[in-house]
Amino acid sequence: MVLTIQVCDLLNPLPSSDRRELAGWESGRRRSVTFIFSRPLGLPAKVIKERRAVHSGVVCISVCLCSCGLLGRESGERTLEDRYSWHFFQSPLCDPHLRVSERLVVGTESHGTRGGCRHTVSEVSEEMKSLIIEKNKMGLEEEPELLVKGWLLREVRGNWIKQRRYWFVLSQDSLDYYSGPEKGARRLGTLVLTNLCSVIWPDKQTYKETGYWSITVYGRKHCYRLYTKHFNEAVHWACAIQKIIDTKAPVETPTQLLIRDIEENKFNPEVVENIYQHNPILKYTQGPLYAPLLPFPYGSLEHTYHSGKGYGSVREEAVKLFNCLQQLESAREPVPIIQGVLQTCLDLRPLRDEVYCQLVKQTSYTPAPYTAAHLRYWQLLTCMSCTFLPGPTVLKYLRFHLKRIQSQSPESEMDNYASFISEALEKTKCRECVPSWEEIQMLMSRQEMLCTVHYPGPGSCQLYISSHTTANEVVRRMQEKLGLQESKNTFALYEQNALWEQPVAGSALIADILTSFSTKESESKSQWKLCFKLYCLLDADSISVDSIEYLFLFEQCHEMVVRGQLPACEEDLQALAALRLQCLMGDFSTHAPCPPLDELFPGHMLEARVLMSLSAPQALAPCLVAAQGCPTTQRFPTGLLAGTLWSHTATAAHKQKVEQDMRLRSRLKEEAAAVMGSILERWKGLAGYSRRDSMAAYLTIARQWSGFGCTLYEVDFYISSTGSFSQKLWLGVAATSVSLYRQGEAEALESFPYGQICSYGVSDSNTFKITAGDRDLLFETTKLTEIMQLMNAYFSAIRHQRGKGEDADITIAESTEVGFHHLASTQTPTLLELPSHPV
């Protein structure tokens, strides 16, 4: 099919009914050109050619609609890709002085959107050289250089799924299949290969189910599922196809090309305005979007970890997201839609730039920019800017858009949102959680959230935080609010509930922590809170008795006592419990509400004492005694009687277990009552003690333990030289050393001052390794990150106190092993530069 295009002199324009006009720009040098042409096959409306010199003449173009179909699909039009593709050449009938441009701009328009796409003639002719004539009439002998060919089974979907055998041929441009290998065989289909195509490699599961090794090739419009009996053949085809895909130049969408043009001409407002006016794809639309604004690989997500979340392909999700954006205008409650969009962007990272481009589009040249419906787009853009950062190219485009809106609509609500977003982009780091309902509502109104931070004792503070506030910032503000700036000790935030606590990394976002609390509370039915506590106890002696820091020390010491992490005799533990009551309640009174025993005394000691008293062998039921005396082969003879005997024995064993549990609970109650009575008697003897005196006496007893002030972690200790010895121990991390304790014992088995430690770090997923001299100590624990954080913090504090390490005998160097810190005697980077997670 030959289509004749007359290039008309611009000095002699045609009637508007016969003109097709489009403006494009490149590097500030592109002009509008007018053409007249016939459209016998209903070709897309715009074919534009840049020229260096305009002359009257005729250009003949042999047309197949593949390239045009690609652009039409991107803009939402129906395509004729199965029949034709583009190929351009200069007709010998043309004026010899007429020069065909090196670039061709093709634009399509659909449902109010129109884009521009540029292809070089060399690219088109090279990539489509095998598709000049109709595909279904081309014979095998007309193919270009072939790379791989052979018989494969292809899955065909109709009323039912079936497989048919075809002769497949892989060339530099496409994957084709024919009716047979002979010359003149009819070509039955073609999948054009671009860099957006993808290949799914053979997997064992498909082979087990079908007996065939399968590969899947995704193209823009077609998906070929191919099968073969031989694994090596499947791998050979997959490798060859992937190699061709990797050699293809990146595909750029009209939006990408226009963004580049805007970036190149951003200092020329007239050109930028012209770009927007002639390219509705950059502007607000009420119509649907039929293809993404940015290029995404073809194919589904069924082979990724997102498959269980119900997502389709990335391209499909991009189109769905635009529909969600448009629903914001009429939604009564926008927060669920905003959360859904943010969740999709969190799960599918490539869609973040796409959503930013869609929001820029929907906030450009809006018919009613000041209505509440339109401001919903700005509210979502605000939430996006506080959750995810776009890529560098889209970030530049977004900043340009915000400045342009501010200059066009000063002192407006859009100006306020644009200013807020610009500031947010300077601070945003990628979030780990989607913002909560409360946070989204605050962002929609450009306000800060109120966060409650608890500290030891009944106290708490309320602070205003933004989506960018980190744990380090909250710690600093809490120190200022409580007057702890001059303290020699360090503080940290903790996630805490009734049974568990964990320090928060200094770089963690408080908004993410609060959002995670909502999820944890719905799962565990327990209340979570943020606590501000002592972290590194570097100098306990310098703490004033009248300061709030002394209260912190008292409360955290009592937490260790209740958890059973302060080795002491029972008399000392009862004395501590009585001092705790005197501090909380004052002098003894029969009318004073007394807290439960488990808040005063370590419960594990009661359980251990009761279990030892019950450990003596108990009398067994007669049937159990008889069963123990019988040989195994005679104990349960076959037949009906055997079932009866087994049922009777099991019932007796269950009854005995129930009796033992009841006896244990009864004894625990008796022991608890006895211990509580002793504590109350001691409490009576503390009459007249003030709160300050009670805390001082409490800490005096606690300081008798040599490990006072350290943080204990339960570990399994292994000696690496033998690899066989193991023992459950406590690893105590303190200000000057790391020590090992048997659980419940006051004396350390061994202690390693920091000056003796050569290196420390994570050895594998659950093993922590410390090298002291020529010894390697391995600890198996679930607290790897916490131990690493705390040791980092102590080393950092040591360097800080010793004048940045000039006179210190401990300096820190980076190891070649990932996650290890090595200590050396040479000047090295500070600890905060190491690959760790300091709080």
Side-chain angles (χ1 to χ4, degrees), residues 490 492 502-503 505 535-538 565 567 705-743 745-802 805 808-826 828-839:
T490 62
Q502 179 179 350
Y535 186 58
C536 295
L537 188 61
L538 299 168
Q565 292 185 336
W705 178 42
S706 60
F708 176 79
C710 75
T711 304
L712 295 177
Y713 299 95
E714 187 174 298
V715 298
D716 284 333
F717 173 51
Y718 292 84
I719 298 179
S720 61
S721 58
T722 62
S724 58
F725 174 77
S726 68
Q727 185 178 7
K728 282 194 175 297
L729 300 174
W730 279 335
L731 177 68
V733 182
T736 58
S737 63
V738 175
S739 304
L740 287 172
Y741 298 88
R742 283 196 179 95
Q743 295 187 7
E745 294 187 4
E747 294 299 323
L749 290 174
E750 203 160 5
S751 185
F752 303 94
Y754 288 137
Q756 297 179 8
I757 295 177
C758 303
S759 67
Y760 63 93
V762 178
S763 178
D764 56 38
S765 60
N766 61 348
T767 304
F768 192 81
K769 179 179 177 182
I770 296 177
T771 301
D774 57 351
R775 297 179 59 187
D776 289 336
L777 311 174
L778 298 179
F779 307 96
E780 189 172 284
T781 177
T782 59
K783 303 290 187 179
L784 295 175
T785 303
E786 294 180 37
I787 297 173
M788 192 74 161
Q789 287 177 352
L790 187 56
M791 291 187 69
N792 287 346
Y794 274 125
F795 273 109
S796 179
I798 290 171
R799 291 184 61 86
H800 180 71
Q801 289 184 353
R802 296 184 180 184
D809 58 350
I810 299 177
T811 54
I812 302 171
E814 225 170 328
S815 165
T816 54
E817 293 183 83
V818 176
F820 270 84
H821 292 185
H822 286 252
L823 311 181
S825 59
T826 58
T828 54
T830 64
L831 181 133
L832 295 180
E833 298 171 3
L834 297 174
S836 61
H837 309 283
V839 173

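Note that these values count all heavy atoms, side chains included, but never hydrogens, waters or copies made by symmetry. This chain uses plain numbering: 1 for the first residue, then up along the sequence. From a predicted model like this one, the values you see are computed outputs, not experimental measurements.
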Undergrad: Salt bridge (Lys or Arg N to Asp or Glu O under 4.0 Å) with E750: which residues, sequence neighbours excluded?
TA: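 R775.
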Undergrad: State, yes or no, whether a side-chain contact exists between W730 and P567 at a heavy-atom distance under 4.5 Å.
TA: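 With C-beta onward as the side chain, the pair touches.
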Undergrad: Just verifying a value: how many Å separate K728 NZ and Q743 CD, rounded to the nearest 0.5 Å?
TA: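 CD of Q743 is found 7.0 Å from NZ of K728.
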Undergrad: Taking all atoms of both residues into account, what is the closest heavy-atom pair of L537 and A735, and its distance?
TA: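 Here L537 and A735 meet closest at O-CB, 3.6 Å.
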Undergrad: Does any part of the side chain of Q565, heavy atoms only, come nearer than 4.5 Å to the side chain of W705, both counted from C-beta?
TA: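 Side chain of W705 against side chain of Q565, heavy atoms only: no contact under 4.5 Å found.
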Undergrad: When F779 is tested against each of L784, L740, I787 for side chain to side chain contact (heavy atoms under 4.5 Å, CB included), which residue passes?
TA: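 It is L740, the one option of L784, L740, I787 that forms the side chain to side chain contact (heavy atoms under 4.5 Å, CB included) with F779.
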Undergrad: Could you check if a side-chain atom of R742 sits within less than 4.5 angstrom of a side-chain atom of L729, using non-hydrogen atoms only?
TA: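 Yes. Closest side-chain heavy atoms under 4.5 Å.
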Undergrad: In the structure I gave you, are the side-chain heavy atoms of P753 and T736 within less than 4.5 Å of one another anywhere?
TA: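 P753 vs T736: side chains apart.
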Undergrad: Would you call I770 and V738 a side-chain contact if the rule is heavy atoms closer than 4.5 Å?
TA: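 Touching, per the 4.5 Å side-chain cut-off.
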Undergrad: Would you say that L777 contacts F768 through its side chain, given a criterion of any heavy-atom pair below 4.5 Å between the two side chains?
TA: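 The answer is no, as the side chains (C-beta and beyond) never meet within the 4.5 Å cut-off.
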Undergrad: Among residues at least two apart in sequence or on other chains, which ones pass ring-ring contact (aromatic ring centres under 6.0 Å, His included) with Y794?
TA: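 ring-ring contact (aromatic ring centres under 6.0 Å, His included) check on Y794 returns nothing, list empty.
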Undergrad: Take atom CD of E747 as the centre, draw a 6.0 Å sphere, and report whether it contains more than 12 heavy atoms from other residues, nucleotides or ligands.
TA: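 12 or below, so no.
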Undergrad: Tell me if the centroids of the rings in F752 and Y760 come within less than 6.0 Å of each other.
TA: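 F752 vs Y760: aromatic centres not under 6.0 Å.
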Undergrad: Roughly how far, to the nearest 0.5 Å, is OG of S765 from CD of E780?
TA: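 Interatomic distance, E780 CD to S765 OG, rounded to 0.5 Å: 8.5 Å.
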Undergrad: What residues form a side-chain contact (heavy atoms from CB on, under 4.5 Å) with A748, not counting sequence neighbours?
TA: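 Counting only residues at least two positions away or on another chain, A748 forms a side-chain contact (heavy atoms from CB on, under 4.5 Å) with S739, Y741.
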